[in-house]
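Input: a single structure, listed below in structure tokens.
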Amino acid sequence: MLLTILLILKFIWFSHLINVEYNRIPIILISTLISMFILTLIYRSDSQKKNRNALIFYISISIIMLIDAAYYSHFNSLPNILVIKQIKQLPAVVDSIRKIIGLKILAFVLDIPLVIYYINRYDYKPILNDRLRRLAPTIVGVLIFIIMLSLNRKGGFLSVKAQELYTYHAADIVETIIGKRVAVEEVELTEADIEDLKSRARLKEGKLTGLGRGKNLIVIQVEALQNFVINLKYMGQEVTPNLNRLVNHNSSVYYNNYFQLLGRGNTSDAEFVTHNSLYPSMEEPTYEQYQDNTFYGLPWLLRDNGYTAWAFHGYKKDFWNREKAYINQGFQRFISEEDYEFDEVIGFGIRDEDFFDQTIDYLKELDQVDENPFYAFIITLTSHTPFEMPEDYHELDIREEHMDNMIGDYLQAIHYTDKQIGKFIDNLKKEGLYEDTVIALYGDHFAISTTQEEAGLMKDIIGEEYDFDHMMNVPLVIHIPGEDINETITTVGSQLDFYPTIMNIMGYDNTKGLVFGRDLTNYKGRNVVASQTYMLKGSFIDEDVVFEISRDGIFEHSRAIDRHTRKPLDVEQFRKKSEAITKEIDMSNYILKTDFLKGGK
Ligand code: GP9
Ligand code: MN
């Protein structure tokens, strides 16, 4: 009885933390009844250790809720069973997790010592008599069945499956085992679709076409660089003076309506999507799941045009499975943590300063490989959540209300990284590597989530309620030396669009790949950002709208706002578009699942 009451309290709290808006009472009721069903089964058994078994069950469920709630608070969705495979990466992110797991989430396990103590001390005995005890599971089971049935009639089962603890995980495990999540046979990829994807890959004459031809290419993926810091004046200070200089440079094009597009692999998906113009997997990190697939992304296309392609990142080479995945991504060499020397560690690892300084030496080596140009893909690290840097590195004055929270810490961290990027560009100039090199730079993903408490404080900085179109907005800037091209391109796009966009500038025709994105410099249609994380699959951002599909699976419960007026919109008008987006993602998944390029390339 005690355990049941505690579980009910936890289910109520859980449904609050994971934002259950509709059918909350039936969902809590079902969770309670399923728990009772299991508990009554335990107490009906002949085991001598009924109390111990009940405790084990209670503790397990509490821990699952803790993990789910922690995951949700960061990713805004519930985890799937395959995240278990990522457990080896846990030690690296303890700092970030520590920041996420506040008292609100710890509450799920705080009572456990007391409960153990209580049950042992009072030699806890169940309250039901023998006969009732034997009947109890059946009674509860029938109740569950009736409630599920009646909910199903009213169309409410979808929301149970999407948000009720047991049903969600059970359905997820079943779907994973039978591999049906993207039922390959259900996806239609017609000849016309393939032709369309091929034509998106092809080079078309237009603005900026071929200006980078024959030049080196350096792409810098900056950890947690959001767009709101670009050109931001904070208490009279420029937060990112060096990036601002790059963005406003005569020879740069700035894409300010550009967004992250991640799956289960976070930073590594930003890389994957950027290079391949395919959607990331929502089952496992794409680099893990499709390590052995055939790809024809940016490194491959450049290699086919004589380039040598290296990747640089100052962290462990097996993190996100980079080392193995990079082979089929097309990188010929991966300079990772073990190739750098450093004494001081900040947060995740190497300081951006040490990283960039030594990367210059490796770039010189890369430049010497042959007389052809090179491609260098550089991933920074220091501005990683939770953004805590030693005091010595704090150079900005921070407002009282941003002190000791993520906003103040983030501004300091991104200011530091900006400084290192400035120094790196200076060093490229010194080494004679600047004049002949196209530099593209973008953020991998958000720093401040809409679900964090600090989101409330963002309104002051950006001038309106902080929503997904602010959170997921990262800058993209492309610098082509010697060109007089400065412009801000406002076309909506995401990392999915990077490959065709950069290829237009580099001027190489892609005749072998399939591309889902668009060349943002020249595309005149209505482009769309089809997010699957933070906003679930079927959601989108376009020029005018943020459409967030409901979490409970019932379309009418979705949310849409006008991006200009910030006012709510009727969601029904977006049903078709949402379906079309889902179809595109399914086609991309089909290409990954069937290793389509292996046959087609
Ligand atoms: C680690 C770095 C961070 O190598 O790329 O990954 P993240 O935690 O941001 O996904
Ligand atoms: Mn990252």
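Atoms within each ligand, like the ligands themselves, are counted from 1 in listed order. In this chain, residues are counted from 1 in sequence order. Both backbone and side-chain heavy atoms feed into the values below; hydrogens, waters and symmetry mates do not.
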E271, Q332, Q291 screened by side chain to side chain donor-acceptor pair (under 3.5 Å) with Y326, the one that passes: E271
Do me a favour and list the nearest non-hydrogen protein atom to [atom] with residue, atom name and distance?
| atom | answer |
| --- | --- |
| atom 8 (O) of ligand 1 | H384 NE2, 2.8 Å |
| atom 5 (O) of ligand 1 | R322 NH2, 2.8 Å |
| atom 6 (O) of ligand 1 | T267 OG1, 2.9 Å |

So, R264 and E284, do they make that salt bridge, N to O below 4.0 Å? no
What do you reckon, does Y315 have a nitrogen or oxygen under 3.5 Å from a nitrogen or oxygen of ligand 1? no
Do any nitrogen or oxygen atoms of N266 lie less than 3.5 angstrom from nitrogen or oxygen atoms of ligand 1? yes
Counting heavy atoms not belonging to Q237, are there more than 12 under 6.0 Å from its CD? yes
Does any N, O or S atom of N266, backbone or side chain, fall under 2.8 Å from the Mn ion (ligand 2)? no
Answer yes or no for H445: is there an N/O/S atom below the 2.8 Å cut-off from the Mn ion (ligand 2)? yes
Taking atom types as modelled, find out whether Y534 and H445 have a side-chain donor-acceptor pair closer than 3.5 angstrom. no
[X]: numbered ligand 1 atoms lying under 4.0 Å from its heavy atoms:
| X | answer |
| --- | --- |
| W320 | 6 (O), 7 (P), 10 (O) |
| H445 | 9 (O) |
| F348 | 1 (C) |
| H313 | 1 (C), 2 (C), 4 (O), 5 (O) |
| F319 | 1 (C), 4 (O) |

Can you tell me the N, O or S atom of D444 that's nearest the Mn ion (ligand 2)? OD2
Nearest atoms (heavy-atom pairs only) where L225 meets Y410: CA-OH, 3.5 Å
Closer than 3.5 angstrom, by distance alone: can the side chain of [X] be matched with the main-chain N or O of [Y] as a donor-acceptor pair?
| X | Y | result |
| --- | --- | --- |
| H470 | D467 | yes |
| N527 | V492 | yes |
| D354 | Y340 | no |

Just to verify, which of F377, W300, Y499 counts as forming a ring pair (Phe, Tyr, Trp, His ring centres under 6.0 Å) with H275? F377
Could you establish whether E223 and ligand 1 come within less than 4.0 Å of each other, counting only heavy atoms on the residue side? yes
